[in-house]
Amino acid sequence: MSEQRTIPTSLGLPIIGNFLKYQKDRLALLTSLQGELGDSFKIKIGPKILTVLSTPEDVKHVMRLNMKNYYKRTNFDQLFGKGVFTTNNEEWKVQRKMVQPLFGPRYIESCVPIIVEKTQNEITKTSSNKEIDVYDLYAKITFEIIIATIIGIDLSEEFEKLNYSLNTISDYLTKTNYLPFQLPEAVNSKKKEYAKCTEYLNKVIYKSIEVQKSKERRKNFSMISLMLQAQEECEDMKFDDQRVRDNIISLMFAGFETSALTLAWLSCLLGEHQEVQEKLYEEIKDFDVTDVKIKDLDKLPYLDAVINETMRLYPAGWAWTRVAAENDEINGLKIEAGEIVLVSPYLTQRSPEVWNNPNSFNPDRFIESDNHIKRQFSFFPFGGGPRICVGKQFGQIEIKLILIHTLQQFKFLKGNMPTPYPMATLQSKEGFHLKLKARR
Ligand code: HEM
């Protein structure tokens, strides 16, 4: 039994607590409270208290050791329905059992040529010596990849409309996602547009399910076709089209923006750290992207280190919450049923209690044996425990291939590091502006 402990509370202003600061920039507030109060603290927001836990041992308790007691409740439920991202307990287990095997090596290997083709298409259209927002470039690539590999039919004509819909939906849901209480409807003025975009997205997905149901279409290897197949083959998985839709929409949202943001932060870091960029270029310059086997990507240790170091400093999924189902004790800290707990890779991975020189960009720390990396949950950009990101391997391979391809063609020139802006994912206030210069 651990010794009892208490953690400090930031009360903020009377009645509203820290509501205004939290709404304005929750990352800035949480980071400054972490500096002031330490890695674990409570914070009053409006009428509720949020418990922020950032020591690796506390995070491990919530995400792994007693994960059954900490359930997910997000604003995204209304969009994702009852898919793998949003459900809990037995309902989640069934979904996970269905979706996880579909992301096996055979599926991922079959996605490689698609990733390479979509990347090549966009990279060849990119001009040299012109400033661009690299996020837009990567989002276009990862979006086309997710449509081709998850939905499996050509929707390139619909790109603008789909992109607009996903962004509108995401903005609307993010507005209240991290608040421990609901805002009144009137504050969420974009509800109508959200409803229109959701309707459009549903139409696209249901149409795709219909197309994929035809025998001919089944030959391709999209996630929808694999789900439909699993649905037919497994007696205990009686998923109707609605459930397939819920999972497909979850994978689309979870899968395209996270990879694009990681690539955008990474490119800006390489622009800032030219010596790292050159060392990485030396490692990947002769890598043959035309005939890749997944195992070839394991032979690039510096590439791994640069991606990990980027995800340590700028984890696309920067924080999430859980609700305690029953009273609990986390390493001596009492937690009451109904309490909302926030864990954040951003806070843990930049904690001076956990990492040496936490704010410096140093990929070599992932190559040299660094004790911090061995401490479980000191690095968890893909989450952890049984709910660890189901698309982790897919995302890692996608990021590697896109980056290798881009770096073989272009050099990132020196630019300014953007300021993080915390939406549901870690975006930037001013975009990701960089100049790319053709290498040949
Ligand atoms: C760099 C890329 C990615 C990052 C940083 C990332 C991050 C994360 C994180 C932090 C979680 C855990 C959230 C939580 O516990 O509340 C998660 C879960 C999830 N991710 Fe990813 N992800 C990435 C790519 C992908 C891709 C490519 C897909 C699918 C195509 C995907 C699908 C999912 C799903 C379905 C879950 C929910 C799993 C569950 O609850 O059982 N992710 N991801």
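Counting starts at 1 for both ligands and their atoms, in listed order. Predicted, not measured: the structure shown is a model, and the values here were computed from it.
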Using 30° and 60° as the class limits, which term best fits the ring planes of Phe253 and Phe80: parallel, tilted or perpendicular?
tilted

Side chain, backbone, both or neither: Met63 near ligand 1, heavy atoms under 4.0 Å
side chain

For ligand 1 and Glu398, I'd like to know whether there is a polar contact (N/O to N/O, distance under 3.5 Å).
no

When you measure from atom 14 (C) of ligand 1 to each heavy atom in Gln396, Gln100, Arg322, which option holds the nearest one?
Arg322

Any N or O of Thr262 closer than 3.5 Å to N or O of ligand 1:
no

Among all the protein's non-hydrogen atoms, which is closest to atom 35 (C) of ligand 1, and how far away is it?
Val390 CG1, 3.4 Å

Does Asp304 form a side-chain contact (heavy atoms from CB on, under 4.5 Å) with Ile367? I'd like the steps, not just the answer.
CA-CA 9 Å; Asp304 266 330; Ile367 290 180; over 6 Å; no

Give a yes/no verdict on a cation-pi contact between Arg350 and Tyr314, requiring under 6.0 Å between NZ or CZ and the six-membered ring centre and an angle within 45° of the axis.
yes

Report yes or no: does a heavy atom of Phe103 sit under 4.0 Å from some atom of ligand 1?
yes

I would like to know whether Leu37 and Ile43 meet side-chain contact (heavy atoms from CB on, under 4.5 Å); could you show each step before the answer?
CA-CA 11 Å; Leu37 305 174; Ile43 166 171; over 6 Å; no

Please state whether the rings of His61 and Tyr70 are parallel, tilted or perpendicular, taking 30° and 60° as the class boundaries.
perpendicular

Using a 4.0 Å heavy-atom cut-off, say whether Lys72 meets ligand 1 through its side chain, its backbone, both or neither.
side chain

Phe256 near ligand 1 by a heavy-atom separation under 4.0 Å
no

Would you mind checking which non-hydrogen protein atom is closest to atom 40 (O) of ligand 1, with the distance to 0.1 Å?
Arg387 NE, 2.8 Å

So is Pro381 touching ligand 1 or not, going by heavy atoms under 4.0 Å?
yes

Should you measure from each heavy atom of Phe394, which atoms of ligand 1 turn up under 4.0 Å away?
27 (C)

Which atoms of ligand 1 have any heavy atom of Trp92 under 4.0 Å away?
39 (C), 40 (O), 41 (O)

Nearest protein heavy-atom contact for atom 8 (C) of ligand 1: which residue, which atom, what distance?
Cys389 CB, 3.8 Å

Hey, can you tell me if Phe394 and Phe103 have their rings parallel, tilted or perpendicular (30° and 60° cut-offs)?
perpendicular

Yes or no on side chain to side chain donor-acceptor pair (under 3.5 Å) for Asp328 and Asn66, after CA distance, side-chain angles and deciding distance?
CA-CA 9 Å; Asp328 189 22; Asn66 198 15; 3.3 Å; yes

Atom indices of ligand 1 within 4.0 angstrom of Gly383 heavy atoms, with elements
10 (C)

Start with the C-alpha gap between Ser267 and Tyr138, add the side-chain angles, then the distance that decides, and say whether side chain to side chain donor-acceptor pair (under 3.5 Å) holds.
CA-CA 10 Å; Ser267 304; Tyr138 295 134; 2.8 Å; yes

Quick one: closest heavy-atom pair of Phe412 and Gln274, and the distance?
O-NE2, 2.9 Å

Going by heavy-atom distance to atom 9 (C) of ligand 1, choose the closest among Trp318, Phe382, Phe85, Tyr70.
Phe382

Contact between Met252 and ligand 1, counting heavy atoms under 4.0 Å?
no

Flag if over 12 foreign heavy atoms under 6.0 Å of OH, Tyr421:
no

Which residue owns the protein heavy atom closest to atom 39 (C) of ligand 1, what's the atom, and how far is it?
Arg96 NH1, 3.4 Å

Give a yes or no on whether a salt bridge exists between Lys207 and Glu210, defined as a side-chain N under 4.0 angstrom from a carboxylate O.
no

Just which atoms of ligand 1 are under 4.0 Å from any heavy atom in Met311?
1 (C), 5 (C)

Is there a polar contact between ligand 1 and Ser259, counting only N or O atoms under 3.5 Å apart?
no

Report yes or no: does Ile399 have a heavy atom closer than 4.0 Å to ligand 1?
yes

Between Gly385, Gly255, Ala254, which one has a non-hydrogen atom sitting closest to atom 27 (C) of ligand 1?
Gly255

For atom 24 (C) of ligand 1, find the nearest protein heavy atom and state the residue, atom name and distance (0.1 Å precision).
Thr258 OG1, 3.5 Å

Side-chain donor-acceptor pair present, Ser54, Gln34, cut-off under 3.5 Å
no

Consider only side-chain N and O atoms of Ser259 and Glu398, and report whether a donor and an acceptor are under 3.5 Å apart.
yes

